[in-house]
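What follows is a short report on a single structure.
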Amino acid sequence: MSEEKGTGSRRGDRAESGSADSRDDAVFKALANPTRRRILDLLRAEPRTTGAVAAEFPDLDRTTVLQHIRVLEHAELLTGRRVGRTRVLALAPLPIKRIHDRWIGDYAHAAVELLASLDTEAE
């Protein structure tokens, strides 16, 4: 029965952050911080343990790095899985693709069209 409650609470958390706008907000919030962007860059190269990620930030204490990791997990930008006593983190690129498709792709297309029309007018 406790498993059902645990599953239900996870569903509740996702339902709470389930709308496309709130999921996008979580991604933008996560990407707004340079430390979190650097963590994603590290994980883009290869999955790493939590300890290996924390070691890349000698100027930050481990608790601070773990807080950044939690924000990235909340935004679903990375995943973690247990391997023995360690936790391996990996990049989850789908939220970034979603942001690209929703925001960047359309705006880049509009900018290219604007530049093309300005070029045509100049001729």
Side-chain angles (χ1 to χ4, degrees):
M1 190 146 182
S2 64
E3 284 183 38
E4 289 174 334
K5 284 184 181 178
T7 304
S9 93
R10 269 192 224 137
R11 284 185 191 146
D13 291 347
R14 286 194 179 169
E16 215 176 81
S17 63
S19 77
D21 285 342
S22 63
R23 288 191 334 242
D24 289 353
D25 289 347
V27 172
F28 283 120
K29 175 186 175 188
L31 294 176
N33 182 281
T35 300
R36 292 192 284 266
R37 291 191 305 267
R38 190 163 159 225
I39 291 171
L40 292 176
D41 287 340
L42 291 170
L43 296 175
R44 183 179 56 195
E46 64 182 347
R48 295 174 185 241
T49 65
T50 304
V53 170
E56 292 290 329
F57 299 91
D59 53 326
L60 299 177
D61 63 81
R62 184 178 172 89
T63 303
T64 301
V65 175
L66 291 175
Q67 287 173 341
H68 285 297
I69 289 170
R70 274 190 224 94
V71 171
L72 292 167
E73 286 177 316
H74 175 74
E76 299 177 351
L77 288 165
L78 62 81
T79 60
R81 64 180 167 84
R82 287 251 174 232
V83 177
R85 291 178 54 179
T86 61
R87 191 157 176 256
V88 178
L89 303 171
L91 179 68
L94 288 179
I96 293 174
K97 181 184 181 327
R98 187 179 69 239
I99 294 295
H100 175 271
D101 292 349
R102 166 65 175 90
W103 292 96
I104 299 165
D106 288 343
Y107 286 96
H109 181 72
V112 168
E113 285 182 357
L114 177 62
L115 290 173
S117 71
L118 290 174
D119 190 41
T120 302
E121 289 176 13
E123 292 177 357

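Count residues from 1 along the sequence.
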Inset, instruction - Could you go through the side-chain contact (heavy atoms from CB on, under 4.5 Å) check for Arg23 and Asp21 one step at a time? - result: CA-CA 5 Å; Arg23 288 191 334 242; Asp21 285 342; over 6 Å; no
Inset, instruction - Hey, could you give me each pair passing salt bridge (Lys or Arg N to Asp or Glu O under 4.0 Å) that has a residue in residues 89-100? Not counting sequence neighbours. - result: Asp24-Arg98, Lys97-Asp101
Less than 3.5 Å apart, which donor and acceptor atoms pair up between the side chains of residues 41-51 and the rest of the protein, not counting sequence neighbours?
unit_1 : atom_1 : unit_2 : atom_2 : d
Arg48  : NE     : Leu42  : O      : 3.4
Thr49  : OG1    : Ala52  : N      : 3.0
Thr50  : OG1    : Arg87  : O      : 3.4

Legend entry - Single-linkage hydrophobic cluster Phe57~Leu77, side-chain heavy atoms < 4.5 angstrom: yes
Inset, instruction - Please answer: with hydrophobic residues joined when any side-chain heavy atoms are less than 4.5 Å apart, are Val88 and Leu91 in the same cluster? - result: no
Inset, instruction - Of all the heavy-atom pairs spanning Ala75 and Ala26, show the shortest one and how long it is. - result: CB-O, 3.5 Å
Please tabulate, one pair per line, all N/O donor-acceptor pairs under 3.5 Å involving side-chain atoms of residues 63-71, not counting sequence neighbours.
unit_1 : atom_1 : unit_2 : atom_2 : d
Thr64  : OG1    : Asp61  : OD1    : 3.3
Thr64  : OG1    : Asp61  : OD2    : 3.1
His68  : ND1    : Arg36  : NH1    : 3.1

Inset, instruction - Rounded to the nearest 0.5 Å, what's the gap from CG on Leu40 to CG on Asn33? Could you check? - result: 10.5 Å
